[in-house]
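These notes concern the structure reproduced below.
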There are 2 protein chains.
Amino acid sequence: MTPLPETFAALADDTRFAIVERLLTEGARTAGELSEVAPISAPAISRHLKVLREAGVIDQRVQGTKRIYSVNPEALRAISAWTISHRAFWEGSLNRLEQALQSKEEI
Amino acid sequence: MTPLPETFAALADDTRFAIVERLLTEGARTAGELSEVAPISAPAISRHLKVLREAGVIDQRVQGTKRIYSVNPEALRAISAWTISHRAFWEGSLNRLEQALQSKEEI
DNA sequence: TCCATTATTAACGCAAATGTTAATTAACGT
DNA sequence: ACGTTAATTAACATTTGCGTTAATAATGGA
């Protein structure tokens, strides 16, 4: 499994995040269609897709001369699992008692 | 609210991710204590803390000459909310029907 | 076969990120 | 006031990231 920081790095760029959002809301798309997400050249998009692919965030399937991309569910699952593993921290009401328990010193 | 790509960028570095993990599991810590997460200089840690702070991932409170850092729950909540907003995609059983619905063309 | 289409890889320039050491700021204790 | 501790800011070198245009690769149709 891809380390979380690498997954985050892939999603840290506006263009790449927009690509992923588009794939999530509209489903699988070709590289050409994904070029619409930002006013940059096709080679630039291609490199962003490579970064996302190498981080395991998206999958690619070849169909003729086209490359069809889709989000790898595992990537989102991994991020979700991380937030959930710390859910007690951020989901609580964060009253004074919890903050005290959270701090280094015991009460 | 901080844009998600900026939050991800803050968490995209191994050292910064380690800092956040430590704060999440052990609670608030001083800059000095957080230096232990990686074999780099104190100024380097200080800059990482600044990146995390400016991205809204951590909070700082001053106590004498010490700076005490803690994770800002809102940051984790925002990441969690994003994954949840796309939960139908990654949580499903991903059988052929769902993949078909997910793809561009209608069935 | 030849050409158009789709996409990537190559080569390059520039800006941003990350590390170092040295210098500075601020609070505390004697 | 002075020295110690805690942390940051300054200045600098090096690496990484992201964009461009030009060149290459691969498929499909006339």
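What you see is a predicted model; the values in this text were computed from it and never measured. So you know, we letter chains A, B, ... as the sequences are listed, proteins then strands, and number each from 1.
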Nearest whole Å is fine: how far is [N] [atom2] from [X] [atom1]?
X: I68(A); N: dT27(D); atom1: CD1; atom2: C1'; result: 14 Å
X: E54(A); N: dT8(C); atom1: CD; atom2: P; result: 12 Å
X: Q63(B); N: dA27(C); atom1: CD; atom2: P; result: 13 Å

*Which letters describe nucleotides 17-26 of chain C, given B = protein heavy atom under 4.0 Å from base, S = only from sugar-phosphate, - = neither?*
-BBBBB----
*Report yes if a side-chain nitrogen or oxygen of Y69(A) is closer than 4.0 Å to either non-bridging phosphate oxygen (OP1 or OP2) of dA7(C); otherwise report no.*
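No.
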*Which heavy-atom pair separates R16(A) from A10(A) by the least distance, and what is that distance?*
NE-O, 2.7 Å
Using a 3.5 Å distance criterion without hydrogens, assess whether the side chain of [X] forms a donor-acceptor pair with backbone atoms of [Y].
X: T25(B); Y: E21(B); value: yes
X: R77(A); Y: W90(B); value: yes
X: T2(B); Y: A55(B); value: yes
X: E6(B); Y: P3(B); value: no

_Evaluation steps, side-chain contact (heavy atoms from CB on, under 4.5 Å), between V71(A) and L52(A)_ = CA-CA 9 Å; V71(A) 173; L52(A) 286 167; over 6 Å; no
*asked:* If hydrophobic clusters are built by linking Ile, Leu, Val, Met, Phe, Trp and Tyr wherever their side-chain heavy atoms come under 4.5 Å apart, do I68(B) and V51(B) end up in the same one?
replied: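 As far as the 4.5 Å side-chain criterion goes, V51(B) and I68(B) are not connected within one cluster.
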_End axis versus end axis in the helix from dT1(C)-dA30(D) to dT30(C)-dA1(D), the angle rounded to 10°, five pairs used at each terminus_ = 20°
*Describe, in one word, how the ring planes of F8(B) and W82(B) are oriented to each other, choosing from parallel (under 30°), tilted (30 to 60°) and perpendicular (over 60°).*
perpendicular
